[in-house]
Protein chains: 2
Amino acid sequence: MAEDRDMPVIDLQDSGKRAALFERIRRDHSVEIAEDYVELIADLIETNGEARLVDLADLLGVSRPTVNNTIQRLQKEGYVESKPYRSIFLTDKGRAVAEHARQRHHMVLDFLHTIGVPADIAEADAEGLEHHLSEQTLDCLARATEALKKASGHGGNQS
Amino acid sequence: MAEDRDMPVIDLQDSGKRAALFERIRRDHSVEIAEDYVELIADLIETNGEARLVDLADLLGVSRPTVNNTIQRLQKEGYVESKPYRSIFLTDKGRAVAEHARQRHHMVLDFLHTIGVPADIAEADAEGLEHHLSEQTLDCLARATEALKKASGHGGNQS
DNA sequence: TCGCAAACTTAGCATAGGCTAAATTTATAT
DNA sequence: ATATAAATTTAGCCTATGCTAAGTTTGCGA
């Protein structure tokens with residue numbers, strides 16, 4: 001009744017559900033960059049005392065104007081604060097996001113190391129994975145990591 | 001020597017390495033959509049006998065013109081073939097990508113289920129995660145999944 | 001067969017993120 | 001104190017992905 005054509009076997013009635021998944025992916029993309037920036041700004045402030053545009057550009061591997069653009073967006077969205085020609089600071093919102101991102105990053109990394117992924121590959125993959133984990137999954141991942149550590153811990157190392 | 005300013009504590013010498021990670025992320029984005037489309041086209045062909053633009057649009061939750069645009073890009077890049085006003089087919093290259101994507105999808109889903117993520121959340125997260133796993137990590141993930149199944153299932157349902 | 005509805009395409013627009021080149025501001029060093 | 005270098009911003013461009021509205025084409029049913 002919902003389909004006028006030839007009633008395909010695939011679940012087109014449920015397309016709304018499936019579509020929602022992809023919608024989340026698209027939404028996530030806009031958040032990913034915010035997280036990467038904010039996390040990096042937090043790192044820079046912690047280690048350097050301040051976050052300069054030029055350092056962000058170098059570390060992210062993009063041009064200065066690109067960073068400038070993004071910082072202005074992040075400022076509009078309330079993650080960062082900065083006055084013209086001055087360095088960049090996090091808002092409370094930004095700090096919260098950075099903290100959260102860092103936790104996820106560490107957890108993913110810990111997991112990847114535990115399952116035997118070489119450090120450099122783990123670093124690279126974590127960067128991509130960390131933005132796509134729900135709280136639920138993060139939770140389960142932590143438990144699984146513990147389980148695996150215990151399992152391999154007192155028997156020895158897995159190959 | 002490399003830094004003219006005040007020699008920050010963070011590893012700016014190594015910014016090239018870090019930048020490369022983010023570069024990969026950015027590159028991945030353009031591939032993600034291709035994979036999603038191609039995977040879905042394969043599904044539709046398998047279940048319906050053909051992949052229509054209108055079904056892709058419904059399932060992806062985007063407008064028809066958007067699908068049309070993307071299909072034209074994918075055609076230029078050699079993943080799909082289609083003549084005007086006709087349905088969409090995969091090239092060999094497209095089929096290979098679809099197969100690969102599907103394998104990763106199943107593996108990620110299997111893993112998430114194994115660590116106890118509820119099915120609907122697993123579906124949603126898998127959609128985001130599956131594009132960011134290197135071969136190495138995929139391999140380790142498969143082994144970890146087996147290990148966890150064995151550990152938790154040795155009284156139960158494991159084949 | 002021929003009209004109408006569904007499917008597809010085109011046109012025109014918006015936003016995000018990328019770039020280079022050219023201002024502009026800030027900071028430094030002589 | 002001021003020229004110059006470094007950092008930041010502005011301007012203008014590009015591509016990808018999204019949208020709506022308005023054409024085309026296809027194909028089905030009366």
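Residue numbers begin at 1 in each chain, while the letters A, B, ... track the order of the sequences.
In this structure, CG of B:L53 is placed 9 Å from C1' of C:dT9, rounded to the nearest angstrom. Distance A:N68 CG to D:dG12 P: 16 Å, rounded to the nearest Å. When rounded to the nearest whole Å, the span between CG of A:D58 and P of D:dA6 equals 13 Å. Between B:L56 atom CG and C:dT9 atom C1' there is a gap of 16 Å when expressed in whole angstrom units. As a whole-Å value, the separation of A:R86 CZ from C:dT25 C1' is 9 Å. Computed from coordinates, the B:I71 CD1 to C:dA7 P distance equals 16 Å when rounded to whole Å. In this entry the distance linking NZ of A:K83 with C1' of D:dT9 reads 17 Å, nearest Å.
Sorted by first then second residue, the ring pair (Phe, Tyr, Trp, His ring centres under 6.0 Å) pairs that include residues 124-149 of chain B, not counting sequence neighbours, are A:H132-B:H132. The ring pair (Phe, Tyr, Trp, His ring centres under 6.0 Å) pairs that include a residue from residues 61-119 of chain B are A:F111-B:F111, where partners are two or more places apart or lie in different chains. Applying the side-chain hydrogen bond (donor to acceptor under 3.5 Å, both in side chains) test to pairs two or more places apart or on separate chains, those with a residue in residues 59-69 of chain B are B:S63-B:T66.
Partners of A:E81 according to the side chain to side chain contact (heavy atoms under 4.5 Å, CB included) rule, which considers only residues two or more places apart in sequence or in another chain, are A:T91. For B:Y37, there are no ring pair (Phe, Tyr, Trp, His ring centres under 6.0 Å) partners, not counting sequence neighbours.
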For A:D120 and B:K17, what are the C-alpha separation, side-chain angles and deciding distance, and is it a side-chain contact (heavy atoms from CB on, under 4.5 Å)? CA-CA 10 Å; A:D120 53 335; B:K17 202 163 160 192; 5.9 Å; no
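For the OP1/OP2 pair of D:dA7 and a distance below 4.0 Å, the side-chain nitrogens and oxygens of A:R52 include no atom meeting the criterion. Checking the phosphate oxygens (OP1, OP2) of C:dT10, a side-chain nitrogen or oxygen of B:Q72 falls inside 4.0 Å.
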Walk along nucleotides 14-23 of chain D from 5' to 3' and tag each nucleotide B, S or - by protein heavy-atom contact under 4.0 Å, base first, then sugar-phosphate. ---SSBBB--
